[in-house]
Q: 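Got a structure for you, written out below as structure tokens; questions coming shortly.
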Amino acid sequence: MLSRQRLFWRLRPYDLPGSDRAFLRACRDNCAYHIRRCPGYAAICRHLGFSPDQLQSMEDLAKIPVLPTLFFKRKALFSMPQWRMALKVTSSGTSGKFSRIGFDWGCILAEAAMVINLGFRHHLVSPKPAHCVILGYKPHKSNHTGVTRTMFGLTHFSPPLSRTYALRMVEGAYAPDLDSVARALKKLERSHFPTRVIGFPSYLWFGLKRMEELGLRVRLPKGSRIILAGGWKQHAAQEVDKGTLYALVERVLGIPEDNINELFGAVEHPVFYNTCRRHHFHIPAYGRVIIRDPDTLEPLPMGRVGLINLISPLMCATPTLSVMTDDLGCLTPGEQCGCGISTPCLTILGRVGMGDIQTCAAGAAELLGKGEAF
Amino acid sequence: MIFANGTLLPDTERNAVLNGLEAQLNAVRGAPPLEAETVISAVDALGRRLEAGEFAPLLARFLPAGVGLDQLLPLLRREALEAKLAAELGPEPFRPRELAQTATHVLPLGVLFHIAPGNMPGLPVYTALEGLLTGNLNLVKLPHGDKGLSLAAFQLLTEQEPRLAPYLYAFDLSSGQREDMKRLADLADGLVVWGGDGAIEAARALAGPGCKLIEWGHRLSFAYVSGYEDRDGELSALARHIVETGQRLCSSCQVIFLDAERQEDGLAFCRAFLPYLERAAAKRPGLGAGASASLSGHTALLERIVDGRAAGETLFQGRGCSVIFRPDRELELSPMEGNVLVKLLPQAELLPALRRQKGRLQTAGLLCAPERREALVDLLSRAGVTRVTRAGSMSASFPGEAHDGEYPLRRCLRVVDVER
């Protein structure tokens with residue numbers, strides 16, 4: 001699918017108007033591909049009265065059938081045989097159930113171009129080797145989560161000298177070990193090379209709080225960075241505002257706010273959203289975002305809060321052209337940010353909380369992923 | 001953590017506790033049984049302290065935000081417990097009855113192994129309480145989500161009344177620790193299990209042939225509309241019930257069955273009912289409830305399309321809710337969160353349709369003309385429902401009512417006949 005590669009190999013990642021035509025074309029091709037190859041997706045389009053030729057202008061993107069991430073947790077839909085896929089990945093399944101998403105080779109190629117392009121743009125790429133401290137899972141053959149793969153991938157923006165993981169497999173289960181991470185950071189303070197701390201913001205927060213309590217402070221070498229990915233997950237209740245977290249990073253690790261990058265993405269929508277220097281997620285040319293009315297799912301105008309609908313023609317193995325997370329968020333005009341990037345900013349305001357539902361209606365527990373034996 | 005004989009122990013002690021458990025249980029069994037009065041006065045005293053706010057900081061630590069024990073508190077009173085005993089077991093249940101040649105003694109079943117649910121805080125304590133009231137020894141497997149509330153409650157209860165201590169054990173086990181689960185099940189005369197199909201099936205595999213199963217599975221409930229006493233009032237009440245319970249409870253309305261044959265009548269009902277549901281949905285605070293409703297409803301629609309089940313249905317989309325008219329006559333789980341199914345079910349077909357869900361039926365919210373009520377209640381009861389209520393009170397609890405068609409305390413007892 002050339003239209004996809006043409007979109008993802010564009011060199012100006014924040015030129016939305018300039019990419020509109022290529023985006024629309026790639027969406028049309030992607031939709032037609034899934035309709036041809038995935039009977040379930042074809043049935044959905046037919047039932048909802050949608051066909052790819054309805055995509056004539058950017059406004060028409062809202063007409064593409066929206067598949068909630070919740071749907072992928074209950075049904076695995078694929079548009080190609082599994083042997084043709086490059087890999088299969090699962091979401092982290094905070095609520096007990098996870099999506100199974102296939103990645104095709106064309107998707108990997110397109111993703112690589114996007115990640116390198118944005119990596120340069122956001123100063124993630126560096127030729128200077130660095131030590132990596134990963135506040136996330138150490139890859140293991142039993143772990144297929146997208147976030148583990150992403151964090152491992154992020155260690156390659158600069159030549160990795162070492163990797164220290166906060167979550168390691170001990171006797172068949174992941175166990176956190178923040179104390180050994182703290183020890184590693186103390187040691188890396190004296191290195192000639194910078195350190196990159198990559199991980200879940202919740203682990204960074206808990207880890208640094210613990211270090212502060214113990215009176216441990218380090219001054220990591222110049223050029224050290226923090227790269228945050230994966231959201232607060234099951235620790236959403238303890239989520240702190242960015243300013244508080246950044247101040248803690250500066251106090252305990254000596255890394256200035258400018259060297260903190262945050263990332264956003266989903267297994268079902270692996271577009272590489274990066275924060276700008278003012279810590280906003282601007283929409284890159286590879287994706288589009290529609291905020292939808294929580295009560296009716298109709299598109300909302302700029303500035304209103306609603307459910308986040310993410311659109312990207314990135315994947316061919318799974319029909320994830322238009323997906324909806326269970327996060328609430330809003331879009332604001334990019335010019336208001338003042339960082340120089342003019343595309344709209346996406347602010348994520350938190351989960352709807354579908355995973356917390358407790359039920360005793362027959363069949364419901366199984367549906368919500370709580371149908372465990374006991 | 002483990003709670004054993006009035007003491008909290010670390011999980012590392014589990015093997016030691018389990019090794020000595022049989023001998024301990026037998027020793028307690030050999031002594032005169034626990035009297036209901038001992039349990040009632042202890043629970044009543046604790047309930048009063050709870051109501052006075054003495055344990056507020058403790059509860060705040062263990063309960064999720066916004067969740068209280070309001071439903072449980074009234075049950076922890078002497079009057080409530082005595083009424084429960086009287087309603088379920090009759091007056092003076094433990095007094096021997098003299099028959100022509102024998103005397104009948106009512107005794108506790110013995111050892112109960114409770115597999116407690118995590119879907120309502122306090123339920124692990126409640127199920128153990130039913131076991132205690134009937135004089136049983138209780139081994140409780142705590143649910144995953146229990147952050148310590150049940151252990152704290154057991155400790156308070158045994159501090160209040162030390163005589164209860166030998167009757168209470170609680171374990172933090174996961175389903176993976178099958179061997180220890182089996183050891184506990186082997187010691188039990190009865191296995192009390194709460195939960196969905198998965199939990200019930202696993203419990204059945206765990207309990208040996210000599211162990212009685214006391215199952216509290218998940219249920220389905222529905223409304224049956226065959227006319228009205230006060231159409232506007234009843235439809236408003238039903239809509240409020242659907243929205244307020246989020247259709248998550250055993251007693252929540254999943255399907256509205258209409259006593260009608262013609263599709264036009266079904267579609268007309270949906271059009272008429274949607275505004276009632278929207279009015280109820282509009283009263284939910286915040287954006288989250290509407291978003292949950294939309295996500296659940298839309299996801300369920302996509303699933304039905306992919307499964308080839310969406311043909312012939314009509315969707316009436318409202319703001320933060322929906323009414324789905326389906327051509328079949330089955331009782332099934334709705335998409336929940338304010339998305340209700342409507343189906344035609346003429347009286348003549350009611351019994352066979354409901355029988356297909358036997359063992360899962362719970363509440364029928366009945367809307368009908370007063371003169372037809374008795375006949376319809378009979379029909380619904382014969383079809384297998386265990387509660388018939390008015391439209392708005394499907395999830396209300398009534399004093400003295402049974403639990404899913406049974407008196408739980410009776411199931412925790414056995415009878416010994418002694419020839420003179």
Side-chain angles (χ1 to χ4, degrees), chain A residues 38-48 65-77 96 172-173 237 292-298 304-308 324-328 349-368 370-374, chain B residues 64-65 115 117-120 141 143-145 173-175 181 193-199 201-203 217-221 246-250 252 254 281 287-296 298-299 301-303 305-306 308 310-311 317-321 332-334 336-337 357 360:
Chain A
C38 177
Y41 190 73
I44 290 170
C45 290
R46 203 164 47 242
H47 189 96
L48 300 177
V66 184
L67 277 51
T69 50
L70 189 62
F71 172 79
F72 289 104
K73 290 177 182 169
R74 296 184 192 168
K75 288 255 177 264
L77 287 191
R292 291 183 181 264
D293 187 328
D295 283 327
T296 61
L297 301 186
E298 292 299 321
R304 297 272 301 275
V305 174
L307 285 162
I308 301 172
M324 189 155 53
T325 67
D326 43 8
D327 293 306
L328 289 171
L349 298 163
R351 286 249 144 140
V352 173
M354 301 289 293
D356 302 331
I357 295 170
Q358 301 288 3
T359 177
C360 60
E366 287 75 7
L367 197 66
L368 296 168
K370 294 179 186 296
E372 56 197 330
F374 292 118
Chain B
I115 296 173
N119 61 354
M120 194 179 138
K141 184 241 168 245
H144 284 318
L173 285 168
S174 78
S175 48
M181 294 284 287
V193 56
W194 302 62
D197 286 356
E201 272 168 32
H218 289 173
R219 305 284 156 145
L220 288 173
S221 297
Q247 298 169 286
R248 296 171 193 177
L249 307 178
C250 290
S252 295
Q254 307 294 339
L287 294 172
S292 296
S294 306
L295 281 172
S296 300
H298 186 60
T299 302
L301 169 67
L302 297 178
E303 277 185 279
I305 295 171
V306 171
Q317 183 63 52
R319 283 194 67 83
C321 60
E332 62 177 317
L333 184 73
S334 69
M336 305 193 282
E337 308 297 319
Q357 285 294 344
R360 291 172 184 272

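Only heavy atoms go into these numbers, but all of them, side chains included; no hydrogens, no water, no symmetry mates. Letters go in sequence order (proteins before strands), and every chain restarts at 1.
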Q: For residues A/L307 and A/P294, report the shortest heavy-atom separation together with the two atoms involved.
A: CD1-CA, 4.1 Å

Q: Which atom pair, heavy atoms only, marks the closest approach of B/L249 to B/Q254?
A: O-NE2, 4.1 Å

Q: Using the test side chain to side chain contact (heavy atoms under 4.5 Å, CB included), find all partners of B/Q357 that sit at least two apart in sequence or belong to another chain.
A: B/L220, B/L331, B/R360, B/L361

Q: Is A/I44 in contact with chain B via its backbone, its side chain, both, or neither, using a 4.5 Å heavy-atom distance?
A: both

Q: What option among A/L77, A/T69, A/V66 has the most heavy-atom pairs under 4.5 Å with chain B?
A: A/V66

Q: Looking at A/D293, A/L328, A/L48, which makes the most heavy-atom pairs under 4.5 Å with chain B?
A: A/D293

Q: Taking A/G40, A/P68, A/A43, A/G306 one by one, which has the highest count of heavy-atom pairs under 4.5 Å against chain B?
A: A/P68

Q: Quick check: closest heavy atoms across B/S252 and B/Q247, and the distance to 0.1 Å?
A: CB-CA, 3.3 Å

